Amino acid sequence: MKKNNNIVIIGGGPSGLFMFKRLIDSGRTDISIDIFEKSAQLGAGMPYSKAGANTEHITNVSGNEIPELVTSVEEWIGTLPAQTLNRFNINPEKFNDYKVMPRLLFGQYLSAQFDLLKKEADNKGISIEIYTNKEIVDIVDHPVRNKVIVKCSDNSSFEYDKAVICTGHRWPEKFEGKIPGYFDSPYPPSKLEFKANHPIAIKGSSLTAIDAIRTLARSNGHFKLTENEKLLFERSVECEDFKLVMHSRNGMLPAVRFHLEDPHLLKDSILSKEEVEQNKSENNGFLSLDFVFERNFKELFKEKRPQFYEIIKALTMEEFVAIVMDKRANSDPFELFKAEYFEAEESIDKEESVYWKELLAVLSFAMNYPAKYFSAEDMLRLQKTLMPLISIVIAFVPQSSVEELLALHEAGVLEIISVGEDGEEEPKVEGGIVYHFTDESGIRRTIRYKTFINCVGQPHLSLNDLPYKSLISEETVTAARLKFEHNKNGMVAAKTNKKIVKDEKGDYFLNVPGIAINDSFQVVDKYNALNERIFMMAVPYIGGYNPDYSGLDFCEAASARIAKAIFEN
């Protein structure tokens with residue numbers, strides 16, 4: 001017999017793991033929990049399984065930076081058999097929670113945490129059912145009965161009181177499989193294990209691009225260390241024309257991982273409900289982006305970095321970003337990459353943070369949850385100005401990835417091209433693409449590539465991309481949008497931006513990606529009525545109201561809000 005508060009977690013990856021932990025730690029035993037995972041492995045999700053990683057791919061966070069689970073990474077490493085340690089080249093005597101690790105190994109750690117949580121649930125008398133290799137294909141809400149029905153690909157169906165959607169990453173295929181040499185994403189990376197005696201176009205320069213680069217390099221050459229411990233790359237004999245060309249809007253590489261002074265500083269950075277409401281009352285019902293920038297970035301320097309605060313205290317957000325981006329834009333990307341590598345090495349050796357970068361991560365995390373309260377004007381400012389900087393600075397490229405990219409560049413195998421805002425790829429039926437862009441000299445260029453890999457990272461998906469079509473047809477969910485504070489601004493912006501619409505009242509709105517949710521991640525319908533049964537934690541579908549979700553920290557914080565709402569109801 002199922003108990004009251006019968007809860008389903010759809011997706012058993014990292015977000016499902018943290019949601020599971022929240023429910024187990026709630027102190028409530030009057031619940032039953034079912035978990036559906038479409039793959040065979042719990043905990044790992046896409047990033048930490050073979051769907052998203054090979055042995056060469058490593059995490060960009062260390063054990064001390066991840067939110068608390070049952071055991072620490074360091075403790076878990078000490079329990080592993082020699083065969084596993086040898087496979088991943090791990091020396092347990094030298095390993096500690098400050099080190100990054102292979103992503104596939106981290107996936108095994110997350111799976112082990114799932115097993116430990118299951119044992120905790122059993123000991124507490126909480127009813128648990130786990131379904132692996134079972135995919136949910138539709139969700140039907142029954143508001144009158146106050147129930148949610150989930151339907152599986154094998155035509156079975158189940159009924160619940162609450163449903164939490166934790167399905168994680170998704171890369172829809174548009175041209176892959178139809179256009180030879182065209183890849184909509186680099187995942188699973190095993191598909192990139194081919195030889196290519198020609199240049200390959202890589203769209204983007206993010207961590208996703210680095211994943212593709214590490215795999216392709218190993219398939220078309222090899223790395224070796226000199227006597228002086230310098231890493232070199234050599235092409236395979238049959239791949240003399242192998243080359244990797246990154247195409248980036250700003251022509252910049254991401255920043256390098258450094259020592260974090262307080263890896264859990266993010267937790268204390270979220271604005272309280274009272275702070276948000278107070279600021280909204282002072283700004284025509286909108287949360288001010290400038291207020292968040294002051295409160296969650298600039299003011300944090302007062303105590304620990306007072307000299308830096310004096311430099312930036314009078315700067316607007318746009319002025320601060322311009323200074324940082326101009327410095328990067330005026331530097332050779334690989335020379336800057338090398339300089340930041342040495343800066344990061346010193347930071348790690350001395351255990352001293354590059355504080356402004358650390359606080360930029362805090363700002364990103366802090367503005368994520370209340371972003372739904374920004375005006376459309378501020379969201380456009382955020383998208384244009386701040387997000388490009390955040391996407392570069394808080395990527396935190398691990399040191400070994402930097403070493404490989406520098407070795408590839410020095411070998412003449414890797415370069416980066418700035419393609420500006422109008423850069424676009426044209427798929428060719430016969431295979432590959434033609435890249436159209438305006439170079440830094442203002443000259444319009446086209447380059448033909450036999451192979452193209454889209455590596456811009458997880459795309460923000462729209463309402464219509466949601467795979468649970470009953471939620472759309474029954475209008476259980478609605479598209480996310482933000483209102484313009486001033487109609488005249490919307491009217492002007494609508495002339496050049498197709499995402500801006502006018503409603504029947506004459507008000508202007510900016511359509512943003514994904515679906516509308518509230519602060520508790522409950523889905524919201526077109527009448528702005530919250531749904532007490534369905535919670536959306538899958539990041540591809542909430543990118544409009546959560547523009548910068550931050551990995552495992554996001555999973556932990558979101559799960560806390562969802563669990564609170566579940567039990568309050």
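A quick note: this is a predicted structure, and the numbers were derived from the prediction, not measured. The residues of the chain are indexed from 1 along the displayed sequence.
- Classified by interplanar angle (parallel below 30°, tilted 30° to 60°, perpendicular above 60°), the ring pair F301/F297 is perpendicular.
- Here the OG-CE distance, from S206 to M252, works out to 15.0 Å after rounding to the nearest 0.5 Å.
- N454 and S185 form no side-chain donor-acceptor contact under 3.5 Å, judged by distance and modelled atom types alone.
- In this structure, L382 and M367 have side chains that are in contact, with non-hydrogen atoms separated by less than 4.5 Å.
- Salt-bridge annotation for E421 and K384: absent, with no side-chain N of the basic residue lying under 4.0 Å from a carboxylate O of the acidic one.
- Between E294 and K313, no side-chain nitrogen of the basic residue sits less than 4.0 Å from a carboxylate oxygen of the acidic one, so the salt-bridge criterion is not met.
- Counted within 6.0 Å of CD on E319, heavy atoms from surrounding residues, nucleotides or ligands total more than 12; the atom is thus considered enclosed.
- Using a 4.5 Å heavy-atom cutoff, the side chains of D553 and E65 are not in contact.
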side-chain contact (heavy atoms from CB on, under 4.5 Å) between I139 and S470, worked out:
CA-CA 6 Å; I139 300 172; S470 292; over 6 Å; no

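- A salt bridge does not link D507 with K502: none of the charged nitrogens is closer than 4.0 Å to a carboxylate oxygen.
- With ring centers used as reference points, Y545 lies 6.0 Å or more from Y369.
- The OH atom of Y541 sits 7.5 Å away from the CE atom of M536 when rounded to the nearest 0.5 Å.
- Under 3.5 Å, the side chains of H169 and Q458 contain a donor-acceptor pair of N or O atoms.
- A salt bridge is absent between R305 and E358: the closest approach of a Lys/Arg side-chain nitrogen to an acidic carboxylate oxygen does not fall below 4.0 angstrom.
- Ionic pairing of K203 and D184 is not present here: no N-O contact between side-chain nitrogen and carboxylate oxygen is shorter than 4.0 angstrom.
- The minimum heavy-atom distance between Y309 and K302, with the atom names listed, is OH-CE, 3.1 Å.
- In this structure, a donor-acceptor pair under 3.5 Å is present between the side chains of R214 and S401.
- Side-chain contact, D465 with S462: a donor N or O sits under 3.5 Å from an acceptor N or O.
- Heavy-atom minimum distance, P172 versus P459: CD-CG, 4.3 Å.
- The closest side-chain donor-acceptor pair between Y187 and D211 falls under 3.5 angstrom.
- The structure places CD of E135 at 12.0 Å from CZ of F36, a figure rounded to the nearest 0.5 Å.
- Remark: K280 is positioned above the aromatic ring of Y373, its terminal NZ or CZ atom under 6.0 angstrom from the ring centre and at most 45 degrees off the axis.
- The two residues I7 and Y160 have their closest heavy-atom pair at C-CD2, 4.0 Å.
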What verdict does the side-chain contact (heavy atoms from CB on, under 4.5 Å) test give for L386 and L363, after you've listed the backbone C-alpha separation in whole Å, the side-chain angles of each residue and the deciding distance to 0.1 Å?
CA-CA 10 Å; L386 192 57; L363 171 63; 3.8 Å; yes

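- No side-chain donor from either of S49 and R103 sits under 3.5 Å from a side-chain acceptor of the other.
- Closest of all the heavy-atom pairs between H460 and P513 is CB-CB, 3.4 Å.
- Rounded to the nearest 0.5 angstrom, Y98 OH and N64 CG are separated by 5.0 Å.
- Not less than 6.0 angstrom separates the ring centroid of F286 from the ring centroid of F374.
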Report the C-alpha separation of N250 and S248 in whole Å, then their side-chain angles, then the decisive distance to 0.1 Å, and conclude whether the side chain to side chain donor-acceptor pair (under 3.5 Å) test is met.
CA-CA 5 Å; N250 50 36; S248 166; 3.0 Å; yes

Report the C-alpha separation of F308 and Y355 in whole Å, then their side-chain angles, then the decisive distance to 0.1 Å, and conclude whether the side-chain contact (heavy atoms from CB on, under 4.5 Å) test is met.
CA-CA 10 Å; F308 188 76; Y355 202 61; over 6 Å; no

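- Atom CG of N489 is separated from atom CG of L380 by 9.5 Å, given to the nearest 0.5 angstrom.
- Under the 3.5 Å distance criterion, with hydrogens and angles disregarded, no donor-acceptor pair is assigned to the side chains of Q278 and E274.
- No side-chain donor from either of D525 and N531 sits under 3.5 Å from a side-chain acceptor of the other.
- Under a 4.0 Å N-O distance rule, the pair K357/E340 qualifies as a salt bridge.
- Between G16 and I9 the shortest heavy-atom distance is CA-CG2, 3.9 Å.
- Counting heavy atoms from C-beta outward, R381 and D378 have side chains that approach closer than 4.5 Å.
- Less than 6.0 angstrom separates the ring centroid of Y48 from the ring centroid of F106.
- Side-chain contact of S111 with Q41: a donor-acceptor pair under 3.5 Å is present, judged by distance alone.
- Each of K273, R561, K372 was compared with D519 under the side chain to side chain donor-acceptor pair (under 3.5 Å) criterion, and only K372 meets it.
- Inter-residue side-chain proximity for T59 and I66 is flagged as unmet; no heavy-atom pair is nearer than 4.5 Å.
- No side-chain donor from either of N96 and E74 sits under 3.5 Å from a side-chain acceptor of the other.
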Full working for side-chain contact (heavy atoms from CB on, under 4.5 Å) between Y109 and L105:
CA-CA 6 Å; Y109 163 74; L105 183 61; over 6 Å; no

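- For the atom pair L463 CG and L461 CG, the distance stands at 11.0 Å (nearest 0.5 Å).
- The pair K21-E556 does not meet the salt-bridge criterion, since no charged nitrogen lies less than 4.0 angstrom from a carboxylate oxygen.
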Tell me, with the steps shown, if E474 and T476 meet side chain to side chain donor-acceptor pair (under 3.5 Å).
CA-CA 5 Å; E474 298 296 324; T476 307; over 6 Å; no

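- Between P388 and M325 the shortest side-chain heavy-atom distance falls below 4.5 Å.
- Closest non-hydrogen pair, S520 versus F535, comes out as O-CD2, 3.3 Å.
- Of the residues listed (D34, I534, V150, I35), the one engaging I10 in a side-chain contact (heavy atoms from CB on, under 4.5 Å) is V150, and it is the only one.
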